[in-house]
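As the structure lists them, so they are numbered: ligands from 1, and atoms in each ligand from 1. As the structure is a computational prediction, the values presented were derived from the model and not from experiment. Here, residue 1 is the first one in the sequence, and each next residue gets the next number.
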Amino acid sequence: MWPLVVLLLLASASCGSAQLILNKTKPVEYTNCNKTVVIPCFVSNVEATTLDDLYLNWKFGNENVLTFVGSQRTSTTGNNFSSASIVPEALLEGTASLKLDKSDAVPGNYTCEVTELSREGEAIIELKYRVVNWFSPNENILIIIFPMLAILLFWGQFGVVSEHSTARSSGLGLIVVPTVILILLQYAAFMIAPAIGMSFFSIAILILQVLGFVLSVVGLRLCILECVALHSPLLISGLGIIALAELLGLVYMKFIASNQRTIQPPRSK
Ligand SMILES: *[C@@H]1O[C@H](CO)[C@@H](O)[C@H](O)[C@H]1NC(C)=O
Ligand SMILES: *[C@@H]1O[C@H](CO)[C@@H](O)[C@H](O)[C@H]1NC(C)=O
Ligand SMILES: *[C@@H]1O[C@H](CO)[C@@H](O)[C@H](O)[C@H]1NC(C)=O
Ligand SMILES: *[C@@H]1O[C@H](CO)[C@@H](O)[C@H](O)[C@H]1NC(C)=O
């Protein structure tokens with residue numbers, strides 16, 4: 001007698017609520033920064049207490065992404081989705097979310113189809129790809145302009161130096177070298193130029209330049225670490241400071257040079 005009652009109860013339980021209810025989810029986004037992509041799928045009325053009763057199928061259009069057969073505890077993935085995975089145990093709590101490597105993720109509509117004995121339900125979740133720009137157009141302009149400005153200003157100084165010294169032709173190809181070399185060159189310029197050397201001003205300008213360089217390197221490093229350039233202001237201010245230091249260096253050296261001329265007038269012209 002008892003077994004029959006239990007059977008009847010079980011039958012009424014599974015027929016009573018014929019559908020599994022899957023939560024509606026908003027489209028999910030991924031960017032170049034996501035290593036993996038999770039497409040959410042939640043069932044709010046799972047009653048199964050063992051995976052044996054559950055079956056899950058993820059599809060992308062007509063393509064099979066992943067099939068999980070609870071009674072066999074096996075997941076099989078579609079050809080183009082070899083990285084697809086789920087957490088089987090989480091199914092009993094109603095979580096059927098799919099995890100994919102970014103390389104396998106294709107934007108579009110994914111179907112999550114869950115079956116528990118005779119009940120079933122499905123949900124469609126849209127996966128979107130969002131392009132993240134590292135820098136805004138304005139930031140891009142600054143990032144290009146500041147180093148160019150710094151190099152031009154440095155060349156200006158070099159012009160001042162070479163009026164006075166023999167170190168005339170060294171430093172071709174400076175246009176492409178990184179800004180750290182500008183600092184060394186700034187140092188060299190101060191040393192080559194007569195009557196400058198390591199004065200208070202030249203040291204201050206060098207320190208400013210090192211500071212700018214550190215800021216831009218730290219900014220760049222943080223930008224790279226965080227994938228999206230949250231720290232671009234740091235990078236840009238670093239480059240800006242380097243350019244500023246070059247400007248100060250140029251002004252300073254022009255100033256010294258003109259002072260020198262008044263003392264000992266130029267030989268020619
Ligand atoms: C799904 O929806 C139900 C009812 O709307 C809610 O109680 C439950 O917390 C939701 N589950 C998840 C995982 O969002
Ligand atoms: C992508 O990564 C972001 C940030 O870590 C996260 O909030 C988002 O849910 C991820 N997108 C997907 C589809 O997994
Ligand atoms: C896998 O992707 C390729 C192109 O990316 C497509 O031609 C092929 O039909 C896909 N495989 C399946 C099983 O749909
Ligand atoms: C996914 O489905 C939604 C709603 O049905 C639709 O608006 C959207 O265009 C679809 N997305 C793609 C990429 O097919």
Side-chain angles (χ1 to χ4, degrees), residues 17-46 48 51 54-70 73-116 119-140 143 215-238:
S17 46
Q19 288 296 305
L20 287 178
I21 300 166
L22 273 67
N23 285 19
K24 285 220 158 37
T25 27
K26 285 188 226 126
V28 286
E29 280 190 340
Y30 73 109
T31 67
N32 197 31
C33 305
N34 290 72
K35 283 202 188 71
T36 58
V37 167
V38 175
I39 306 173
C41 177
F42 302 114
V43 190
S44 56
N45 60 344
V46 171
L51 286 175
L54 292 166
Y55 174 90
L56 168 66
N57 189 23
W58 274 97
K59 284 188 301 188
F60 178 73
N62 290 326
E63 263 186 85
N64 185 44
V65 178
L66 179 140
T67 305
F68 174 75
V69 182
R73 306 286 197 275
T74 53
S75 296
T76 40
T77 57
N79 289 341
N80 287 345
F81 298 96
S82 54
S83 67
S85 67
I86 57 152
V87 183
E89 292 70 33
L91 269 177
L92 293 172
E93 268 99 61
T95 300
S97 303
L98 177 78
K99 194 167 147 189
L100 284 174
D101 276 359
K102 184 183 62 196
S103 55
D104 281 349
V106 187
N109 286 319
Y110 289 76
T111 308
C112 169
E113 204 180 85
V114 186
T115 307
E116 180 195 298
R119 302 196 299 160
E120 63 174 30
E122 70 168 41
I124 295 174
I125 303 102
E126 185 172 5
L127 178 67
K128 290 177 166 174
Y129 181 72
R130 189 164 56 87
V131 177
V132 282
N133 289 321
W134 247 46
F135 302 114
S136 70
N138 280 345
E139 288 174 336
N140 272 329
I143 286 169
L215 271 185
S216 47
V217 167
V218 169
L220 186 64
R221 180 86 192 118
L222 287 177
C223 284
I224 290 169
L225 278 182
E226 306 223 340
C227 188
V228 273
L230 291 176
H231 298 276
S232 47
L234 206 59
L235 172 62
I236 290 169
S237 47

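A heavy-atom cutoff of 4.0 Å around ligand 4 is satisfied by the protein residues G108, N109, E126.
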Would you be so kind as to tabulate the donor-acceptor pairs closer than 3.5 Å made by side chains of residues 81-90, with sequence neighbours excluded?
residue	atom	partner	partner atom	Å
S83	OG	D101	N	2.9
S83	OG	D104	OD2	2.7

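Looking only at distances, a side-chain donor or acceptor of N45 sits under 3.5 Å from a matching main-chain atom of Q19.
Residues passing the side-chain hydrogen bond (donor to acceptor under 3.5 Å, both in side chains) test with E29 are R130, sequence neighbours excluded. Y55 pairs by the ring-ring contact (aromatic ring centres under 6.0 Å, His included) definition with nothing, not counting sequence neighbours.
Screening R119, E93, E116 for a side chain to side chain contact (heavy atoms under 4.5 Å, CB included) with V46, the sole residue that qualifies is E116. Only one option out of T74, N57, L51 pairs with F68 in a side chain to side chain contact (heavy atoms under 4.5 Å, CB included); it is L51. Of the options I39, T67, T111, a side chain to side chain contact (heavy atoms under 4.5 Å, CB included) to W58 is made by I39 and by none of the others.
Considering backbone and side-chain N/O atoms, E29 comes within less than 3.5 Å of an N/O atom of ligand 2.
Remark: ligand 2 atoms within the under-4.0 Å shell around heavy atoms of V37 are 13 (C), 14 (O).
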